[in-house]
Protein chains: 2
Amino acid sequence: MSERKASGDSGRATIRHVAERAGVSVASVSRVLSGNYPVSEELRRRVMKVVRDLDYVTNAHARSLAGGGTPTVAILINNITGAAFTHVAKGVEGAASLRGWLSLVGTTGDDPERELALVNLMRQQGVAAVILLGGAYDYEEYQLRMARFARSLDAAGSHLVLVGRPPLEGDVPATTVDYDNEGGAYAMASHLLSAGHRRVLILPGHAELTTAQGRLTGARRAFEAYGVPFDPKMVLHGPYDYEHGYDAVEESLRLGLDFTAVLAGTDVVAAGAMQALRAAGLRVPEDVSIVGYDDIPLASQLTPQLTTVHVPYEEMGRVALRAVADRREGGGSRRKSGDGDHLVLGTHVVVRQSVQPPPVP
Amino acid sequence: MSERKASGDSGRATIRHVAERAGVSVASVSRVLSGNYPVSEELRRRVMKVVRDLDYVTNAHARSLAGGGTPTVAILINNITGAAFTHVAKGVEGAASLRGWLSLVGTTGDDPERELALVNLMRQQGVAAVILLGGAYDYEEYQLRMARFARSLDAAGSHLVLVGRPPLEGDVPATTVDYDNEGGAYAMASHLLSAGHRRVLILPGHAELTTAQGRLTGARRAFEAYGVPFDPKMVLHGPYDYEHGYDAVEESLRLGLDFTAVLAGTDVVAAGAMQALRAAGLRVPEDVSIVGYDDIPLASQLTPQLTTVHVPYEEMGRVALRAVADRREGGGSRRKSGDGDHLVLGTHVVVRQSVQPPPVP
DNA sequence: CTGAGGCTCGGAAACGTTTCAGAAAGCGTC
DNA sequence: GACGCTTTCTGAAACGTTTCCGAGCCTCAG
């Protein structure tokens, strides 16, 4: 805010300038602009004219300080470039702007320190809620860390919402919005098994990631349900990216692992796997079937189109925002403040073209 | 901000609470926390202890009002889900957080009204700059609209930065950061032509979009340079999405258009085109070559890997933020304030596997 | 004609910081 | 021993709004 009082006006116009120039009180200008109180048509016209002339805009900070202010939610995402959770952000933003709320997006880059810094920053901003997106590593530490965040935000009159993460244990003031991760994996694996596959390569994701653990558990349950022995050697952990999918399949092929299908933890991983298969001269789905998870646009753009699990990401964003709004509206008539909600949305398998019964040997 | 003075504390702790409890003045607490002034070790310890005990955080709005405050930039993007420009956002955010700046992201959804509302909202917030991402439709109106934005923000002590958009005409206080769009298209088309292609289907994008116009112009210049007649019937306009790529190729095939290569306006369009080609039983690149533009991750994940034009999106974001920071630091010693900069970054062709000489008939 | 009751509007007190102008205290110097 | 200078801290004035409280005016009934 460098000062430059040189030429005439200097700085931006304040409500006082408007008041003076219109020959009315500051209070009246505020009344006209906020529209919270009745004003005579004459006054309104006079003020609005000056407002337009001076190109005046209300200072949001001053307004927030004085009581008014637009409710704002902060969305914290680990990587704005990663496909899946940007859809959640989109959902939140859409729902927010529908209510006239403002939403900010911050990127943590999977760095705990940056995450902490951002949460604190948002707390300073006095946001209505901080919405954290994406799976969590290290369950124990996750619980501790989130509990701290939740209490800290709660004390500041804000609220913590966790999307795509497991619920918090104990009496922690936070809301979690998740999807039926394990159920989706169960259904997806069942789809593969019912097509006749018995030897399937599983790429659930990073071993420490709660999402990956859930997907693996779901798959294992399906194997049990079908009475198919589960071979831990067929499980390869790794990050949710294209390279991992590619490398894992390449490596498996090199080791001579015997499989007729790939159960990928993510559509992007599936894309990498598909590429590796093809590079090795194998056809999808004739020689090897392959399925993904998430149902991002990429899934229907691959050749063959990918059979995958649909996750209602955008809807999750909308639900998250509604939870915040409800809580805020609810105010005192809310049930005992301090306890959180845990909302779970359903998933379902989207059958496309990447699965076929295994080839007869 | 519902009041709940019931149990003890009530609301969040203010600097006054800290001051009283530590037995010092409000000013001293502020000094300790901001670190702008020297303080005795004793005082610092005493204050910090209370700060921790009360879990106090400064109110960002009050701070901004009083003069301090974290510089903030607003990133406005039309679709957070679209791949290319999220990388710009990432670049801005990275550079911003490196300086301790804050960045917000807003989504316009290509809606002019929403764009206007967001710009005004950001102006209220007193952001250091508003960074608008993505190509523009309707050049004339674009110039008018942006000039208005620029002047409005400038008057409010903020600054407008346009990324991936053409420079503004006249003396408008804005900075534009662009890439050599036409040059990239020229190089890409040349690559195709030098491989021997003569009949190429061009999918530059939406006819009104400045980006698309530049890409088409670049391609046309290459045709001229190679002395190859340019056939307007081989140009199909449409949005930058997968469906357009698919539909355009399908339609062309159905009309019996004769071509040996596709010059897509975007990697995503190329992906759609590739799929349509394959659905028609044509092989890429043996029967038809295909190239994209943008070099998003998808490009190297397609089969075959896509030859495309690399655009330094993330770098553009960093450059945009640096421009804002420079201008702010520069302050008065800057050359005549009011005129803007226009920065252009280079592009280059990334050769991968999707181009081959045309088949001999 | 007078007094009660509505409408509008203005004055001024918040809101929670930062920072300027001084005051108190400690120290060296003449 | 007094004066002036640092050093460290405090009181109070901004910053730009919103909103409570009350004053003036008009209308209408008695």
Side-chain angles (χ1 to χ4, degrees), chain A residues 1-3 5 9-47 50-51 54-71 121 123-126 156-157, chain B residues 1-3 5 9-47 50-51 54-71 121 123-126 156-157:
Chain A
M1 325 275 168
S2 62
E3 34 192 322
K5 33 187 62 175
D9 267 5
S10 99
R12 43 187 132 314
T14 76
I15 200 174
R16 204 171 321 259
H17 297 156
V18 176
E20 279 170 15
R21 192 147 158 179
V24 300
S25 81
V26 168
S28 298
V29 177
S30 173
R31 285 218 190 53
V32 169
L33 292 176
S34 71
N36 295 337
Y37 292 80
V39 222
S40 73
E41 193 47 42
E42 156 67 6
L43 181 74
R44 150 161 288 118
R45 241 204 316 275
R46 205 134 57 105
V47 168
V50 179
V51 164
L54 262 48
D55 200 18
Y56 165 83
V57 283
T58 323
N59 178 319
H61 297 298
R63 167 175 291 185
S64 297
L65 231 206
T70 326
L121 201 55
R123 189 158 68 124
Q124 287 185 22
Q125 297 280 332
Chain B
M1 327 271 171
S2 62
E3 34 192 323
K5 33 186 62 173
D9 265 6
S10 97
R12 41 187 134 315
T14 76
I15 200 174
R16 205 171 320 261
H17 297 156
V18 176
E20 278 171 16
R21 192 145 158 182
V24 299
S25 82
V26 169
S28 299
V29 177
S30 174
R31 284 225 189 53
V32 168
L33 292 175
S34 71
N36 294 339
Y37 292 79
V39 230
S40 73
E41 194 46 44
E42 156 67 6
L43 180 75
R44 151 161 289 117
R45 243 202 318 273
R46 205 135 57 104
V47 168
V50 179
V51 165
L54 263 49
D55 199 19
Y56 165 83
V57 284
T58 46
N59 178 320
H61 297 298
R63 166 177 292 189
S64 297
L65 229 206
T70 325
L121 202 54
R123 190 158 70 123
Q124 286 185 23
Q125 297 280 330

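All values derive from a computational prediction rather than experimental measurement. All values below come from the heavy atoms of this structure, side chains included, with hydrogens, waters and symmetry mates left out. In what follows, chains carry the letters A, B, and so on, assigned in the order in which the sequence lines appear, proteins first and then strands, with residues in each chain numbered from 1.
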Which heavy-atom pair separates V57(A) from R123(B) by the least distance, and what is that distance?
-> CG1-NH2, 2.9 Å
One should read off an interatomic distance between R44(B) CZ and R31(B) CZ, to the nearest 0.5 angstrom, of 12.0 Å
Which heavy-atom pair separates T14(B) from Y56(B) by the least distance, and what is that distance?
-> C-CE1, 3.5 Å
Calculate, to the nearest 0.5 Å, the distance between atoms CD1 and CG belonging to I15(B) and L54(B) respectively.
-> 12.0 Å
Quick one: label V26(A) by what it contacts on the DNA or RNA (base, sugar-phosphate, nothing), any heavy atom closer than 4.0 Å.
-> base
Divergence of helical axes at both termini of the helix from dC1(C)-dG30(D) to dC30(C)-dG1(D) - five pairs an end, 10° steps | 60°
Whole-Å distance between dG11(D) P and I15(B) CD1?
-> 14 Å
First and last nucleotide of DNA chain C touching chain A, 5' to 3', heavy-atom cut-off 4.0 Å?
-> dT8(C) to dG16(C)
Do the side-chain N or O atoms of S28(B) get closer than 4.0 angstrom to the phosphate oxygens (OP1, OP2) of dT10(D)?
-> yes
Starting at CG of L33(A) and ending at P of dT19(D), how long is that distance when rounded to a whole Å?
-> 13 Å
Base, sugar-phosphate alone, or nothing: which one does V39(B) contact when heavy atoms must sit under 4.0 Å apart?
-> sugar-phosphate
Between A27(A) and R31(B), the residue closer to the 5' end of DNA chain C by nearest nucleotide is A27(A)
Nearest-nucleotide 5' precedence on DNA chain C, E42(A) against A66(A) = E42(A)
Taking atom CZ of R16(B) and atom OG of S25(B), what is their separation to the nearest 0.5 Å?
-> 11.0 Å
Taking all atoms of both residues into account, what is the closest heavy-atom pair of A22(A) and V50(A), and its distance?
-> CB-CG2, 3.7 Å
Using a cut-off of 4.0 Å on non-hydrogen atoms, how would the nucleic acid contact of V57(B) be classed: base, sugar-phosphate, or nothing?
-> sugar-phosphate
Across the strands shown, which category fits S30(B) at heavy-atom distances under 4.0 angstrom: base, sugar-phosphate, nothing?
-> base
Comparing L65(B) and S40(B) on DNA chain D - which has the more 5′ nearest nucleotide | S40(B)
How close or far is atom C1' of dT7(D) from atom CD of E41(B), stated in whole angstroms?
-> 15 Å
Backbone N/O of Q125(B) and side chain of H61(A): donor-acceptor pair under 3.5 Å = yes
